[in-house]
Each structure stands twice: as C-alpha cells, then as structure tokens.
Amino acid sequence: MATTQLPHQIFRPISGCCVTSRQPSTTLPFPTEHFKSRNLTVKTRQNLKWAVKLSLVDQSTPPKSTVDVERLIGFLYDDLPHLFDDQGIDRTAYDERVKFRDPITKHDTIRGYLFNISLLKILFRPDFQLHWVKQTGPYDITTRWTMVMKFMLLPWKPELIFTGTSVMGINPETGKFCSHVDFWDSIENNDYFSLEGLWDVFKQLRIYKTPDLETPKYQILKRTANYEVRKYTPFVVVETNGDKLSGSTGFNDVTGYIFGKNSTTEKIPMTIPVFTQAYDAALSRVSIQVVLPAEKDISSFPDPNQETVNLRKVEGGIAAVLKFSGKPTEDIVCEKEKALRSSLIRDGLKPKTGCLLARYNDPGRTWSFTMYICFVIVVLKRNEVLIWLEEFSFS
C-alpha cells in the first residue's frame, strides 16, 4: 500500500575494497553490524559468473582500460533513482547493443531496454529504491534495490514486491554499460525464462482484504521466498494486557480509548493493524495494542481513563515479517512464529525474543467472495507475524 512506503533514501556504503569512497548525501539509519548469509558468497559468485557471460569483456584477463569505474558508480547513484520518473535514465550511458536479462524478460538493445522500462511504468507504477552501488569485478558494478509495484490492470491493484541485485557490465572500449542482469532475492532460479520467477509474480496477484486505514510506516528492505525485512519508523500505541496471541482480551479497553474513553473524551481515528505482542520465548506474556495516528507525538494524546491502559512509543527498527491468511488461531500463530524464526536463524540473522501478531481485519469471516465481471475472486484476510531483529545490513 502506498501508505507503507517511506520517502526514497539512498544508502552508500563505507569505502573499502572494491567499494566507492564517494560519501553519501543521505543515509538510512541502519545499525553498523553486518548481516552475513551463509550462502551469500556462493550466490554472489554464481550471479557474477552468469552476468559476465552476457558481457562483451573477458574479465579473467581484462585489457588495460581508462574506464573510470568510480565515476560510473557515482553516476548510477545519481541516475538510477530516475529509472521510473519523468526524467528517466541517461540512455547515453549505455551501448546500443546493451543486453538486459531478468528472470522473465530479456532485451538486446537500448530500445528494448527503454521499452521495458516504459511498459513497467504504464502497467505497474513502480516505486524504485536504490540501496547501494559497488564495484564487484574489473568491469562489473553491482547495485542493490527494492521495487514496489501496483498492477494497474486488475481491479484490486495488487502490490508486487521485488528486491535483489543487478550486475551491470562495462564495455572498456566505450566506457558504457553493455549488460544489465537482475537477480531476485525471492527465487533460486534466476535464469531466463524462470518458471519459478513467473510463479513468484503470479502468487503476488492474490487479493488480501486490507482496510484503507493508516498503518505504521515502513520501508521494505528485502523480500525472500519466506519473509520480508522491513525498516519501521517509530509509532505510538495504546495498549493493555492480553491473555494470548490470538485472543481478544483487552481489545474493548484499547478501542474504548480511541472512541472517547480518555481524559478529554477525544475520538481518535482508527488505524490498522491490531497488534498482539508476546514478550517471552513461550509467547505467554502478551499485550494487545492499537496504533495511534502518526500526525501526533505521544505527549499530544489524551491520558487513558483506565489504569490498566497506557500509551507507549515503539522505537521502530528492523523487523522480519511473515504474511499469511485465514483465521489466526493460537496454534497457527505459534507455527508461523517458529517457521519465521527458523528461517531467520538459517539465513544468519539474529531474531529477538518474542513476536507480534498483526491482524488487519475483524475476527469474523476468514474469507469472502467478490464478483468482478464474470469472475469470482476469493478475498483473503491479511495477518502477519513480526519478529524484531538484533541487527541487519544490506549484502
């Protein structure tokens, strides 16, 4: 949803081996610790090996060249944020025979490359976010990015999310880019034409029933096959004690606060989701929370009338999120929490104790039918399990 996206921010890494020393104009407030996946080195080498096959350059014994790679890195930091806006990218930085590949698309000319960009703008309204740019070979530059798109041709305008890297080959004779190969984080087979990639697109077209209400703001940093990694900005909640993750004990107390049961009888706009937070490893000590509108800080809200209800500022940070549909019973939520935690540990991340269940709909029906012309569409209820992470940095 558009309300969940933060303004564009560009992260430029600290200078080091094969990394530009150019300093950032703006940075994302990430921790300084580094995320390391066990499979990162292997995947990076495989990606580069395949991308080099498309390049015009023999990178094993590169000829002498006057190509200023650092200048091209700086150029990409400035140029790529315009990939889908009215300004567009600078086509003069690319060879006429530039080779573009992603898991479901390929083009071999600059005209095809630009046509692909134009088509995406029409069909999907892409929101492109550049995270970093580095040199990864004598004539290779790799970028990391997030792209959030809405498919405008379907009535429910589903949101498609892709994160990954692009390996861009440089022609040493022209100093221009001669190849561009995309690798998605959400699939293993990134070859063209990838059925896994096509299925990844198709499954994001389903309908999640999400009310059009304010939510905590976040930026999607990475989307894998099993979960998303998000950067949440701080937000304020009204909360009270609950009984279990899937329970509703205390819900009337916190909603009563926003409906006017407070020190000034102020009615506060409803938001989503309703959070239930577990603080211990057994997921037994919980609180139920409603997020308050972001336009005010915590000191601007009225005091609760009940002693068991309080306001709290959540500092935000990095969270891993697993989305699922259906009725979030206690067993299902615990199962999803275990699956998410297992995936995070396997991928080398450090999950914190406890979790949050986010419910975006009322606790009634788990699905509904919607008619679009002659099609019957199953609408799924949206639930999420969130686990805060100790640390994260892009890889």
Side-chain angles (χ1 to χ4, degrees), residues 1-7 9 28-31 209-220 228 230-280 283-321 323 328 333 352-364 381-389:
M1 300 190 331
T3 55
T4 63
Q5 302 307 314
L6 300 181
Q9 295 171 299
L28 285 172
F30 296 126
K209 183 182 176 184
T210 304
D212 188 17
L213 298 172
E214 181 180 340
T215 68
K217 291 182 172 58
Y218 61 80
Q219 182 186 29
I220 299 170
E228 293 177 6
R230 301 175 182 170
K231 169 67 177 179
Y232 278 88
T233 61
F235 55 92
V236 178
V237 298
V238 55
E239 66 177 352
T240 191
N241 291 332
D243 56 351
K244 56 183 180 179
L245 269 173
S246 63
S248 58
T249 298
F251 178 71
N252 289 337
D253 293 336
V254 292
T255 55
Y257 170 85
I258 66 173
F259 293 149
K261 294 182 179 180
N262 52 61
S263 59
T264 62
T265 66
E266 177 185 350
K267 293 185 178 180
I268 300 169
M270 187 69 183
T271 64
I272 51 174
V274 174
F275 282 123
T276 309
Q277 181 167 7
Y279 296 93
D280 60 340
L283 309 182
S284 59
R285 187 169 63 88
V286 304
S287 70
I288 192 164
Q289 308 163 356
V290 169
V291 180
L292 299 180
E295 61 187 17
K296 294 183 178 181
D297 59 36
I298 191 169
S299 62
S300 302
F301 289 105
D303 294 327
N305 286 344
Q306 296 177 264
E307 292 185 359
T308 56
V309 176
N310 65 281
L311 305 181
R312 180 168 64 89
K313 181 179 180 181
V314 180
E315 293 301 330
I318 309 293
V321 182
K323 184 186 295 186
V333 175
K352 292 185 178 181
T353 301
C355 73
L356 288 92
L357 168 65
R359 288 175 281 187
Y360 287 79
N361 311 105
D362 61 58
K381 295 182 68 172
R382 177 182 173 185
N383 306 298
E384 294 174 347
V385 169
L386 294 81
I387 298 179
W388 296 107
L389 301 180

Run the side-chain donor-acceptor check on residues 251-258: report pairs under 3.5 Å with partners two or more places apart or on a different chain.
unit_1 : atom_1 : unit_2 : atom_2 : d
Thr255 : OG1    : Phe251 : O      : 2.9
Thr255 : OG1    : Asn252 : O      : 3.3
Tyr257 : OH     : Pro302 : O      : 2.5

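- Rounded to the nearest 0.5 Å, atoms CZ (Phe275) and CG (Leu245) are 12.5 Å apart.
- Checked against side chain to side chain contact (heavy atoms under 4.5 Å, CB included), Asp243 has the following partners two or more places apart in sequence or in another chain: Thr249.
- In this structure, the salt bridge (Lys or Arg N to Asp or Glu O under 4.0 Å) partners of Glu228, at least two apart in sequence or on a different chain, are Arg230.
- Applying the side chain to side chain contact (heavy atoms under 4.5 Å, CB included) criterion to Arg312, with sequence neighbours excluded, gives Val237, Glu239, Gln277, Tyr279, Gln289, Asn310, Val314.
- A distance-only check finds a donor-acceptor pair linking the side chain of Thr240 to the backbone of Thr308 [under 3.5 Å].
- Legend: residues meeting side chain to side chain contact (heavy atoms under 4.5 Å, CB included) with Lys323, ordered by chain and number and at least two apart, are Tyr208, Arg382, Glu384.
- Interatomic distance, CE of Met270 versus CZ of Phe259, reported as 5.5 Å (0.5 Å rounding).
- Partners of Ser284 under the side-chain hydrogen bond (donor to acceptor under 3.5 Å, both in side chains) rule, at least two apart in sequence or in another chain, are Asp280.
- Ile288 CD1 to Thr276 OG1: the interatomic distance, rounded to the nearest 0.5 Å, is 4.5 Å.
- Residues Lys352 and Ile387 come closest through the heavy atom pair O-CG2, 3.8 Å.
- Between Cys355 and Val385, the shortest heavy-atom contact is CB-CG1, 4.4 Å.
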Enumerate donor-acceptor pairs with a distance under 3.5 Å from any side-chain N or O in residues 291-301 to protein atoms, sequence neighbours excluded.
unit_1 : atom_1 : unit_2 : atom_2 : d
Lys296 : NZ     : Glu266 : OE2    : 2.7
Asp297 : OD1    : Ser299 : N      : 3.2
Asp297 : OD1    : Ser299 : OG     : 2.7
Asp297 : OD1    : Ser300 : N      : 3.2
Asp297 : OD1    : Ser300 : OG     : 2.9

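- The CD atom of Gln219 sits 10.5 Å away from atom OG1 of Thr233, with the distance rounded to the nearest 0.5 Å.
- Note: Arg285 CZ to Asn241 CG = 9.0 Å, rounded to the nearest 0.5 Å.
- Separation of atoms CH2 (Trp388) and CG (Leu356) is listed at 7.0 Å; rounding is to 0.5 Å.
- Pro328 has its side chain within reach of Arg359: a pair of non-hydrogen atoms, C-beta onward, lies under 4.5 Å apart.
- Val238 and Leu311 make their closest contact through CB-CD2, 3.7 Å (heavy atoms, listed as atom of the first residue, atom of the second, distance).
- The side chain to side chain contact (heavy atoms under 4.5 Å, CB included) test applied to Lys261 returns Asn305, not counting sequence neighbours.
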